[in-house]
Protein chains: 2
Amino acid sequence: MNVTAFKRRKEFGKTLASDIAHRMRSEIVSCGLKPGEVLKFDALRLSYGASFTTLREALTNLVAEGLVVAEEQRGFKVAPVSIADLIDLTRARILIDVDLIRRSIENGGDDWEIAVISSIHRLGIIEGRAVEDYADNPEWKVAHREFHESLVGACGSPTLLGIRQSLFERAERYRNISARLRPRPRDKVGEHRALMKAAIGRDADRACELIARHIQTTTDNVVKYASELFSDS
Amino acid sequence: MNVTAFKRRKEFGKTLASDIAHRMRSEIVSCGLKPGEVLKFDALRLSYGASFTTLREALTNLVAEGLVVAEEQRGFKVAPVSIADLIDLTRARILIDVDLIRRSIENGGDDWEIAVISSIHRLGIIEGRAVEDYADNPEWKVAHREFHESLVGACGSPTLLGIRQSLFERAERYRNISARLRPRPRDKVGEHRALMKAAIGRDADRACELIARHIQTTTDNVVKYASELFSDS
DNA sequence: CTGCCCTTGATTTTCGAAAATACTAGCTCT
DNA sequence: AGAGCTAGTATTTTCGAAAATCAAGGGCAG
């Protein structure tokens, strides 16, 4: 007889802790959990229905990703946002993305080209469906992330890919903050297409310049439209 | 009356978990815990005298640093070593260190110069005391780490500094592996001094070239003398 | 004899209570 | 009145047992 009838539902990952980490990550990135907010275990226990220990493990993982900060013996809080942090983050992301795209262009074979083309194609379909504010669409966010991941997918550096992913997620929170205030979304379609063309055309210098500007422009927009929300104004 | 009489001894950090993480980190880096070794909780409980939960938290932290790998539902093991990993790591370290040294040279003020000079001076004193195999000396390792940290200390990027520290630690394990096999330690005194001079003299291009070569040379030596120890030989 | 399923044992993961620590407020002494 | 101490409360951290999951060995059908 099957004993898994009462098994807890685990949507992402095999363990409850990784599932909760996933949910909290979404909440933090979408600012459902506000920057700087203190995370008390009793409250979290109610929200997520897990015990101290399990929550603690989930939080520890998020600390490693920079979405939560821990002060020993004084609990956890959602990582605050600030212009200084955004600028720091942006510079780190440009440094790493530029290097990884260059390496991908050097190493990438047929599979890589196919992945890049298919991911930008998917992005185009989603953008075509809802021309207005596609950037708020969660589906677009996934496709957007996957396009950028495909560009660096052939770099051959697991270490930097892991770091890149974590920085991308931290940046996503800033993108979400600015999306609420920005008058209308910037049109990124052209930028993405140019990036794809430079990558497939093996024009490394141009691709690097484009990705650097792409990341920097997004940050500049965030600063422009959301700076009053930040603690260091 | 003071109630701390029975307080557990915590050498590093305030919590037991961070203390244990610190001890395990040392053990892994020094290969007292061998690469690839599976870490069973029952065994760890005996070695470190802590409970499941506390050990789990310590391990989770080490996973984030890349010194331990976790397979969900299948436990933890010490991160394996391989030439591929070492090469990947080296390339990442060069990318980041080069950038951070350049920025430090741009931003660094008097305090930075003083920190660089004082840390290389301390390194020189230790090297002078035991001319032979100073690289095995734990005191030298600390001074060596602090010298390299001082070089990038004025970069102004907390994010990349944190990443840099974690990569440095991962690399230290490879340095330790090769130290046991290497006929005699390479003479790094001159390299460090040249680095210091280029940094203080604000010659960014030269400092970047020197640091890149410094890191690359160390890796080349590890590969040369220890490659047969690695799984991917 | 071979392959599949189920039981059994080992190991990890989760839980909530108990201990340790930090914070708050009220009191005393100067 | 103000500073420093003390007791009480809130919160985090740690523990070991209990539940869930995985891995291996034995029995049964084909």
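Heavy-atom basis, side chains included; hydrogens, waters and symmetry copies ignored. Every chain is numbered from 1, with letters handed out A, B, ... down the list of sequences.
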B/A64 meets the side chain to side chain contact (heavy atoms under 4.5 Å, CB included) criterion, sequence neighbours left out, with A/A64
Could you check how far CD of A/E57 sits from P of D/dT12, rounded to whole Å?
18 Å
Identify every side-chain donor-acceptor pair in residues 159-168 of chain B under 3.5 Å, counting partners at least two apart or on other chains, and give the distances.
residue : atom : partner : partner atom : Å
B/T159  : OG1  : A/D88   : OD2          : 2.9
B/T159  : OG1  : A/R170  : NH1          : 3.4
B/T159  : OG1  : A/R170  : NH2          : 3.2
B/R164  : NH1  : B/D97   : OD1          : 3.3
B/R164  : NH1  : B/D97   : OD2          : 3.4

In whole angstroms, the gap separating C1' of C/dT14 from CG of B/L59 amounts to 16 Å
Counting only heavy atoms not in B/R103, do more than 12 fall under 6.0 Å of its CZ?
yes
Going by the rule ring pair (Phe, Tyr, Trp, His ring centres under 6.0 Å), which residues pair with A/F147 if we only count those two or more places apart in sequence or in a different chain?
A/H192
On the 0 to 90° scale, with breaks at 30° and 60°, tag the B/W140-B/H144 ring pair as parallel, tilted or perpendicular.
parallel
What integer distance in Å separates B/D19:CG from D/dT13:C1'?
14 Å
Side-chain N,O (B/T15) to OP1/OP2 (D/dT12) below 4.0 Å:
no
Output side-chain donor-acceptor pairs under 3.5 Å for residues 28-45 of chain A, partner residues at least two apart or in another chain, one line each.
residue : atom : partner : partner atom : Å
A/S30   : OG   : A/S26   : O            : 3.0
A/S30   : OG   : A/E27   : O            : 3.3
A/E37   : OE1  : A/K34   : N            : 2.9

Expressed in angstrom and rounded to an integer, what is the separation of B/K77 atom NZ from C/dT11 atom P?
17 Å
Partner set under side chain to side chain contact (heavy atoms under 4.5 Å, CB included) for B/R74, not counting sequence neighbours
B/E71
D/dG16 P sits how many Å from B/L46 CG, rounded?
12 Å
Where at least one partner belongs to residues 146-156 of chain B, residue pairs that pass salt bridge (charged side-chain N to carboxylate O under 4.0 Å, His left out), sequence neighbours excluded
B/R145-B/E149
Please report, rounded to the nearest Å, how far the P atom of D/dT13 is from the CG atom of B/N61.
12 Å
List the residues meeting side chain to side chain contact (heavy atoms under 4.5 Å, CB included) with B/S51, not counting sequence neighbours, and say none if there are none.
B/T53, B/T54
Determine: side-chain N/O of B/T54 to OP1/OP2 of D/dC15, distance under 4.0 Å, yes or no.
yes
For A/R56 and C/dG16, give me the distance from atom CZ to atom P, rounded to whole Å.
17 Å
Residues of residues 37-45 of chain A with a heavy atom under 4.0 Å from any atom of DNA chain C, listed by number, are A/R45
Between C/dG16, C/dT14, D/dG16, which one does the side chain of A/F52 approach most closely?
C/dG16
Atom pairs, protein N/O to nucleotides 22-25 of chain C N/O, distance under 3.5 Å:
residue : atom : partner : partner atom : Å
C/dC23  : OP1  : A/R74   : NE           : 2.9
C/dC23  : OP1  : A/R74   : NH1          : 3.1

